[in-house]
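Let me begin by presenting the structure, written as structure tokens, before commenting on it.
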2 protein chains.
Amino acid sequence: MGRGRHAGYDDQREAILAQSARLFADRGYAGTSMAMVAAACGLSKATLYHYWPDKDALLFAIADGHVQRLQALVAQPPAPRAGARERLATLIAQLVQHYAGAQDAHRVLTAEVRFLPPALRERMLAGEREVVAAFADAVAAVRPELREAALAKPLTMLLFGMVNWMHTWLRPEGPLDHAALAPVVAELFLGGLGAVTGPAPTVRPGLAAPAAAGAPGGQPG
Amino acid sequence: MGRGRHAGYDDQREAILAQSARLFADRGYAGTSMAMVAAACGLSKATLYHYWPDKDALLFAIADGHVQRLQALVAQPPAPRAGARERLATLIAQLVQHYAGAQDAHRVLTAEVRFLPPALRERMLAGEREVVAAFADAVAAVRPELREAALAKPLTMLLFGMVNWMHTWLRPEGPLDHAALAPVVAELFLGGLGAVTGPAPTVRPGLAAPAAAGAPGGQPG
DNA sequence: CCTACCGATCGGTAGG
DNA sequence: CCTACCGATCGGTAGG
């Protein structure tokens with residue numbers, strides 16, 4: 001609550017953020033005018049500028065809020081006595097579930113952040129790198145030799161690809177929703193993790209189908 | 001070669017397409033002006049309009065050409081005596097390799113096609129659906145019971161997510177390139193495919209860690 | 001009468 | 001919190 005500002009000032013700021021997130025997600029940042037944002041909020045353009053200084057500030061607030069919630073998610077301590085596979089499966093499920101409730105912000109983050117001025121964009125990317133690093137740690141805990149092969153981060157990015165792409169084809173009203181898909185993503189990724197043999201030169205096509213290895217444990221010992 | 005048009009007319013059209021693909025990919029469709037496209041081609045804006053009727057035509061030609069090349073890729077007959085797993089691994093490798101040489105068109109297709117007028121966009125999406133259906137068939141050939149569980153297409157979309165997201169983090173000058181990553185994607189997806197148990201209600205948490213099932217074959221019998 | 005282009009400008013709208 | 005504007009730039013087209 002701002003000092004000396006009327007009750008509901010912060011609510012109005014948040015409402016504007018939600019409307020602009022929807023518009024930026026649907027029409028793109030460059031394709032959305034401040035007049036559209038104002039109209040969607042039932043405000044004049046001048047009133048809109050009373051709550052937010054400029055268009056970039058809206059974009060940054062949408063994306064930064066989303067990334068901060070992802071950082072809070074990965075900062076949660078793992079369940080006691082949880083194995084590495086269980087820890088990773090939990091993180092994946094939480095990521096998918098979080099995206100289900102933040103689809104506009106997520107689409108803005110993945111598609112429109114490139115339009116931010118470099119300084120603001122760099123602050124965003126620093127937060128994003130923290131989230132990716134936490135997932136890469138969880139991946140490496142399942143198969144530590146992948147980190148030495150420099151594959152922990154690439155595999156983590158393949159995982160993020162699966163999840164970040166879901167909004168393009170998953171229909172909320174369809175038979176399959178985020179909640180039903182979360183365990184499928186975890187099974188697919190964890191199952192595949194056991195099958196990855198290493199970087200390209202390590203692949204030995206002479207053995208049995210390399211993609212089908214999948215030793216259930218995958219723990220170092 | 002157009003009748004009565006000077007030599008190089010079609011070359012000029014293609015050169016304009018390549019420049020606009022790069023600009024649309026970097027700055028977005030709405031964020032790119034026809035003046036920028038003209039300047040990048042060393043042409044006046046009026047000359048640019050001599051080669052292409054309007055901005056939408058550029059966007060459609062970029063995206064449609066890309067989709068047509070993907071359709072040609074999946075239309076190739078599989079290698080004789082290739083198993084279902086080998087067929088899918090080949091398709092994945094070809095998809096990744098194709099994207100490596102068409103990054104601008106790919107980014108435009110995935111991020112900017114929403115700005116096309118509905119009629120043109122629908123033509124694009126029809127082509128895209130064909131490509132997805134071909135991959136879903138290859139997925140279902142590996143594990144036919146997944147089609148009955150309505151998971152063949154969702155899993156195919158998770159695969160496309162991994163591949164469509166690569167451009168956001170894969171640096172061409174980095175140690176890992178598309179060629180090195182293609183077999184990793186194939187291993188991860190094919191390995192994971194054997195571990196997927198079915199739709200949500202089928203998951204039985206009472207058994208050993210569900211994500212670790214991974215019977216190597218995964219065939220119905 | 002064609003093509004291949006030019007400099008200049010059209011009616012509207014952008015963010016602020 | 002609104003009307004009234006600004007400098008500039010938008011996609012597209014004029015005559016020659």
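Convention: sequence-line order gives letters A, B, ...; per-chain numbering from 1.
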Taking the side chain as C-beta and beyond, is there a heavy-atom pair between [X] and [Y] under 4.5 Å?
{"X": "B/Glu122", "Y": "B/Leu125", "result": "yes"}
{"X": "A/Leu151", "Y": "A/Arg143", "result": "no"}
{"X": "A/Leu188", "Y": "B/Leu188", "result": "no"}

Q. Does A/Arg107 come within less than 4.0 Å of A/Asp26, counting only side-chain N to carboxylate O?
A. yes
Q | A/Pro118: partners by side-chain contact (heavy atoms from CB on, under 4.5 Å), with sequence neighbours left out | A | A/Arg121
Could you tell me the separation between the [atom1] atom of [X] and the [atom2] atom of [N], rounded to a whole number of Å?
{"X": "B/Lys55", "N": "D/dT9", "atom1": "NZ", "atom2": "C1'", "result": "12 Å"}
{"X": "B/His50", "N": "D/dG15", "atom1": "NE2", "atom2": "P", "result": "18 Å"}
{"X": "B/Leu59", "N": "D/dG11", "atom1": "CG", "atom2": "C1'", "result": "14 Å"}
{"X": "B/Leu48", "N": "D/dT13", "atom1": "CG", "atom2": "P", "result": "12 Å"}

(Q) What residues from residues 18-41 of chain A pass a heavy-atom cutoff of under 4.0 Å to DNA chain D? (A) none
Q. What residues, two or more places apart in sequence or in another chain, satisfy ring pair (Phe, Tyr, Trp, His ring centres under 6.0 Å) together with B/Phe189?
A. none
Q. How would you list, by chain and number, every residue that makes a ring pair (Phe, Tyr, Trp, His ring centres under 6.0 Å) with B/Phe60, sequence neighbours excluded?
A.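 By the ring pair (Phe, Tyr, Trp, His ring centres under 6.0 Å) rule, B/Phe60 matches no residue at all.
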Q) What is the minimum heavy-atom distance between B/Ala40 and B/Arg22, and which atoms define it? A) CB-NH2, 4.0 Å
Atom pairs under 3.5 Å: protein N/O with N/O of nucleotides 2-6 of chain D:
| unit_1 | atom_1 | unit_2 | atom_2 | d |
| --- | --- | --- | --- | --- |
| D/dC2 | OP2 | A/Ser44 | N | 3.2 |
| D/dC2 | OP2 | A/Ser44 | OG | 2.3 |
| D/dC2 | OP2 | A/Thr47 | OG1 | 2.5 |

Q: Assert yes or no for the condition that the ring centre distance of B/His98 to B/His66 is strictly below 6.0 Å.
A: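 Under 6.0 Å, so yes.
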Q | Span that lies between the P atom of D/dG12 and that of C/dA8, in whole angstrom | A |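 That atom pair is separated by 22 Å.
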Q: Measure up the B/Tyr9 and B/His50 rings against each other and bin them: parallel (under 30°), tilted (30 to 60°), perpendicular (over 60°).
A: perpendicular
Q. Could you write out DNA chain C as a dot-bracket string, with dots for unpaired bases, | for bases paired across to another strand, and Watson-Crick or G-U pairs counted at under 3.5 Å?
A. .....|.|.||.|.||
Q | CZ on B/Arg69 to NE2 on B/His106, rounded to 0.5 Å | A | 13.0 Å
